[in-house]
**Student:** 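Let me begin by handing over the structure; questions about it come next.
Quick caveat: nothing in here was measured; it's all calculated off a predicted structure. Indexing begins at 1, ligand by ligand and atom by atom, following the structure's order. Computation of the quantities below employed the complete heavy-atom set of this structure, encompassing side-chain atoms and omitting hydrogens, waters and symmetry-equivalent molecules.
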Amino acid sequence: MEQAAMELINVTKTIGKKKIIKGLSFEINKGEVFGFIGPNGAGKTTTIRMMVGLMKLTEGDVLIQGHSIKTDFQKAVREVGAIVENPEMYPFMTGLQNLKHYANMTPEITKERIDEVVALVGLEKVLKEKVGRYSLGMRQRLGIAQALLHHPSILILDEPTNGLDPAGIREIRQYIRRLASEENVAVIISSHLLSEIELMCDRIGIIKNGELISTQQIHGSDADKQLQQLELIATPIEKASKVLESELNIESLQIEESLTFQCERESIPNIARTLVAHDIAIYQIGRAKASLEDKFFDVIGENVIE
Ligand SMILES: Nc1ncnc2c1ncn2[C@@H]1O[C@H](COP(=O)(O)OP(=O)(O)O)[C@@H](O)[C@H]1O
Ligand SMILES: [Mg+2]
């Protein structure tokens, strides 16, 4: 197994008498976008503060590229770029001035590197405007650019979609996917709304009351092999059910004019071909509602988000 980009080992935080983080253990792989999801107050920010060395661990350890945040702090934090809560920027300076200011405080950041990160987050056009005039989305992207300047191997973003409109979220998503592949960084991105980050993550971990409740592959090669719950709307529906069973050995459940069944993602094209070959008219085929969102509510509880 390749070494994980980051490994949490029994990470625990007690403040006063209250156990806020209760023995979290999980890994983030190289080049992976990992969604860290949980309702407000679940402990995402506290965990992230420990991951980046802003807060001491009560118990456990965090290994970053194998370096312990406790015993090898300098080497560990060298690997991390992060925005915790809000990116700190000077509104009266331009985007470029902000990046230069930061670069001056950090050794070995070249002019070329500044250009590179600016291109990565698509801010070339507004670089000479004052940050005070930036939209929230632009400020987030400038924050990401700044966090990437020193070539970290892990980028950690705490609720970067908070307060963004759908267009802003879509932009962040595109840039995150792109830099995961182009810079080969592992990205940890937290959110209290699954729907906002689902599309940019390869894997998610769900945290509630300081405990990790589940981790799940949602995109990437492994996800293709995972069983999915699909819903099919077609006519005649009874015949569709029979064809699924006799030709493909898939059992389905009929609810009114639709069928739900489980299959691997990669077998969907063949299912569609087979149905069509048997003169069945397909009106819709897609993921059934019992998907990630439901799973999320199952483990989190319906009323605790927000
Ligand atoms: N410095 C602190 N002192 C006491 N309690 C804290 C402190 N920081 C966070 N908490 C508590 O820890 C829990 C987790 O908070 P936080 O990590 O901010 O959650 P999230 O980022 O998931 O919304 C909350 O119940 C919060 O009230
Ligand atoms: Mg938080």
**Student:** What protein atoms of element N, O or S are positioned under 2.8 Å from the Mg ion (ligand 2)?
**Tutor:**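 Sorted hits: T45 OG1.
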**Student:** Testing the 3.5 Å rule here: is there a donor-acceptor pair between the side chains of E79 and H67?
**Tutor:**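 No, no side-chain donor-acceptor pair sits under 3.5 Å.
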**Student:** Classify the side-chain pair S153/Q65 by whether it contains a donor and acceptor separated by less than 3.5 Å.
**Tutor:**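 Yes - a donor-acceptor pair under 3.5 Å links their side chains.
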**Student:** Could you tell me how the ring of F26 sits relative to the ring of F36: parallel (under 30°), tilted (30 to 60°) or perpendicular (over 60°)?
**Tutor:**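 Ring orientation of F26 relative to F36: tilted.
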**Student:** For E247 and T274, which heavy atoms make the closest approach, and how far apart are they?
**Tutor:**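 Looking at all heavy atoms of both residues, the shortest contact is CB-CG2, 3.9 Å.
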**Student:** Could you report the tightest heavy-atom contact between L157 and I176, atom names first, then the distance?
**Tutor:**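 Looking at all heavy atoms of both residues, the closest pair is CD1-CD1, 3.4 Å.
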**Student:** If you compare all heavy atoms of C201 against all heavy atoms of F34, which two are closest, and at what distance to 0.1 Å?
**Tutor:**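 Here C201 and F34 meet closest at SG-C, 4.3 Å.
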**Student:** Whether the N10 and S25 side chains hold a donor-acceptor pair (N or O, under 3.5 Å, no angle test) is what I'd like checked.
**Tutor:**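 Looking only at side-chain atoms, S25 and N10 do not form any donor-acceptor pair under 3.5 Å.
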**Student:** A side-chain contact here means heavy atoms from C-beta on lying under 4.5 Å apart; do I237 and L259 qualify?
**Tutor:**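 When only atoms from C-beta onward are counted, L259 and I237 do touch, with a gap below 4.5 Å.
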**Student:** For L149 and E116, run side-chain contact (heavy atoms from CB on, under 4.5 Å): C-alpha distance rounded to whole Å, both residues' side-chain angles, the deciding distance at 0.1 Å, then the answer.
**Tutor:** CA-CA 9 Å; L149 276 173; E116 207 170 86; over 6 Å; no
**Student:** Protein residues near ligand 1, heavy-atom distance below 4.0 Å?
**Tutor:**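 Lining ligand 1 at under 4.0 Å, by heavy atoms, one finds I15, K18, I20, P39, N40, G41, A42, G43, K44, T45, T46.
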